[in-house]
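Input: a single structure, listed below in structure tokens.
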There are 2 protein chains.
Amino acid sequence: MDRIDSKLLTLLQEDASRTNADLAAEVGLSPSSCLRRIRRLKSAGVIDRVVALLNPAKAGRGMKAIVTVELERHGEQHMRRFLELAVMEPAVIQAYSVSGSTDAVLMLRLMDMDEFDTFCERLFRDRTNVARYYTMFVIRTAKETTVIPL
Amino acid sequence: MDRIDSKLLTLLQEDASRTNADLAAEVGLSPSSCLRRIRRLKSAGVIDRVVALLNPAKAGRGMKAIVTVELERHGEQHMRRFLELAVMEPAVIQAYSVSGSTDAVLMLRLMDMDEFDTFCERLFRDRTNVARYYTMFVIRTAKETTVIPL
DNA sequence: CTTGAAAAAAAGTGCCC
DNA sequence: GGGCACTTTTTTTCAAG
């Protein structure tokens with residue numbers, strides 16, 4: 001992982017549709033050397049995958065919410081069971097167990113309030129062991145990047 | 001935006017490195033028709049961009065934290081000013097203004113506690129108008145996807 | 001106006017130095 | 001790491017529905 005690898009990763013994190021020849025020129029390498037490095041980074045798992053990112057509003061899911069959850073009964077088993085349920089929900093795009101007074105944090109991508117309503121009824125009803133949950137609706141997104149700084 | 005477009009978007013959200021011929025076969029279209037659809041989705045902005053996702057741990061940033069922030073002085077100007085500062089930080093991967101008793105939520109990608117320490121000193125010191133902030137460190141990531149369900 | 005087939009261009013791949 | 005021949009893929013063109 002030298003300077004050139006970092007540069008390549010930064011470029012690919014911003015735009016993975018660039019051609020190998022392009023990338024090679026940018027980092028000052030021959031196309032074959034450049035390709036070798038990229039393949040190495042992929043097989044080493046540093047590059048996990050290449051994906052298309054959609055415009056949420058244009059994909060019909062412009063609404064976003066952050067939910068903090070406190071469980072009724074704590075402990076590893078209960079946490080695991082709750083997260084298993086949360087993960088199954090398509091609206092849940094991020095699910096974490098966290099330190100502090102809250103047990104879990106969920107990030108939701110929703111179509112509208114109706115979807116939020118049915119989601120809550122499903123995930124936060126009696127049998128799911130949720131004591132309390134607090135919802136913060138996203139008003140403005142100032143930054144949202146998948147780029148990991150190197 | 002018919003059934004085939006949705007299928008294409010779902011496939012591309014999961015793996016954008018698939019070849020056009022592959023995608024065409026999957027959705028039952030000729031390569032040329034398939035390419036036309038993908039290009040249309042790109043120019044319409046439904047597909048925002050194609051990026052490489054890194055393995056955070058292998059990229060040296062395995063630590064994650066969620067920070068809720070309450071500002072000293074509220075209002076549009078102050079919120080905007082705070083978010084401008086937050087957005088400039090490379091460790092901040094998501095920054096939102098939200099509804100409820102907290103004003104903003106930040107998602108951080110960090111190398112270690114030292115980075116968190118210097119980050120807090122920089123962003124949450126007196127002059128930045130932050131009244132209170134509460135940090136939740138991510139213990140376990142149960143789900144983390146960029147896929148918007150269609 | 002949309003579709004698919006085939007040619008042309010471009011990119012990716014593997015081998016040798 | 002670089003250069004070159006080979007393969008695959010993308011992209012354009014064009015004829016047909």
Side-chain angles (χ1 to χ4, degrees), chain A residues 1-62 111 144-150, chain B residues 1-61 90 111 144-150:
Chain A
M1 268 284 261
D2 57 6
R3 187 75 198 78
I4 293 178
D5 279 347
S6 295
K7 186 83 184 285
L8 279 174
L9 289 173
T10 301
L11 292 169
L12 287 171
Q13 283 191 98
E14 282 158 5
D15 181 5
S17 67
R18 297 183 64 169
T19 68
N20 182 52
D22 231 34
L23 291 166
E26 190 90 32
V27 300
L29 237 60
S30 73
S32 53
S33 297
C34 184
L35 190 67
R36 250 195 302 274
R37 277 174 183 266
I38 293 171
R39 261 209 287 254
R40 193 168 47 69
L41 289 167
K42 270 182 187 154
S43 66
V46 182
I47 297 175
D48 185 45
R49 60 193 194 281
V50 174
V51 301
L53 301 182
L54 307 191
N55 180 320
K58 288 184 179 167
R61 291 203 171 232
M111 286 186 296
E144 198 163 67
T145 181
T146 56
V147 176
I148 295 173
L150 302 161
Chain B
M1 268 284 261
D2 58 5
R3 186 77 197 77
I4 294 179
D5 279 345
S6 294
K7 187 84 185 287
L8 280 174
L9 289 173
T10 301
L11 292 169
L12 288 171
Q13 282 192 100
E14 281 158 7
D15 181 5
S17 67
R18 298 184 65 169
T19 67
N20 181 52
D22 230 35
L23 291 167
E26 189 91 32
V27 300
L29 238 60
S30 73
S32 54
S33 296
C34 185
L35 188 68
R36 249 193 303 275
R37 275 173 186 267
I38 293 171
R39 263 209 287 252
R40 193 169 45 71
L41 290 167
K42 271 181 187 154
S43 66
V46 181
I47 296 175
D48 185 46
R49 59 192 194 280
V50 174
V51 300
L53 300 183
L54 307 191
N55 179 319
K58 288 184 179 167
R61 291 202 172 234
M111 286 186 293
E144 198 163 69
T145 181
T146 56
V147 176
I148 296 172
L150 301 163

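Note: hydrogens, waters and symmetry copies are ignored here, and every other heavy atom, side chains too, is used. Per chain, numbering begins at 1; letters A, B, ... match sequence-line order.
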Below 4.0 Å from chain A heavy atoms, what is the first contacting nucleotide of DNA chain C and what is the last?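 Using the under 4.0 Å cut-off, the span is C:dA11 to C:dC15.
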Chi angles and distances behind the side-chain contact (heavy atoms from CB on, under 4.5 Å) call for B:L9, B:M1: CA-CA 10 Å; B:L9 289 173; B:M1 268 284 261; 3.9 Å; yes
Got a second to check how far [X]'s [atom1] is from [Y]'s [atom2], nearest 0.5 Å?
X      : Y     : atom1 : atom2 : result
B:E26  : B:I4  : CD    : CD1   : 12.5 Å
A:T146 : A:D48 : OG1   : CG    : 11.5 Å
B:L8   : B:R18 : CG    : CZ    : 10.0 Å

Are B:L54 and A:I47 close enough, and set up right, to give a side-chain contact (heavy atoms from CB on, under 4.5 Å), and what steps lead you there? CA-CA 4 Å; B:L54 307 191; A:I47 297 175; 3.9 Å; yes
In residues 15-42 of chain B, which residues come under 4.0 Å of DNA chain C by heavy atom?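 Per residue number, the list reads B:S30, B:S32, B:S33, B:R36.
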Between A:R36 and A:L29, is the side-chain contact (heavy atoms from CB on, under 4.5 Å) condition met? List the steps. CA-CA 11 Å; A:R36 250 195 302 274; A:L29 237 60; over 6 Å; no
Find out whether A:R37 and A:V27 are in side-chain contact, i.e. whether some heavy atom of one side chain is under 4.5 Å from a heavy atom of the other.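 Side chain of A:R37 against side chain of A:V27, heavy atoms only: no contact under 4.5 Å found.
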A:L12 vs A:L41 side-chain heavy atoms within contact, under 4.5 Å: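 A:L12 does not reach A:L41 side chain to side chain.
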So does A:D15 pair up with B:R49, basic N to acidic O under 4.0 Å?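 Looking at A:D15 and B:R49, the cut-off is not met.
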Please list each protein N or O that sits under 3.5 Å from an N or O in nucleotides 15-17 of chain D, with the distance.
none

For a quick test of reading the model, state the closest non-hydrogen atom pair linking B:N20 to B:P31 and the distance between them.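 It is ND2-O, 2.9 Å.
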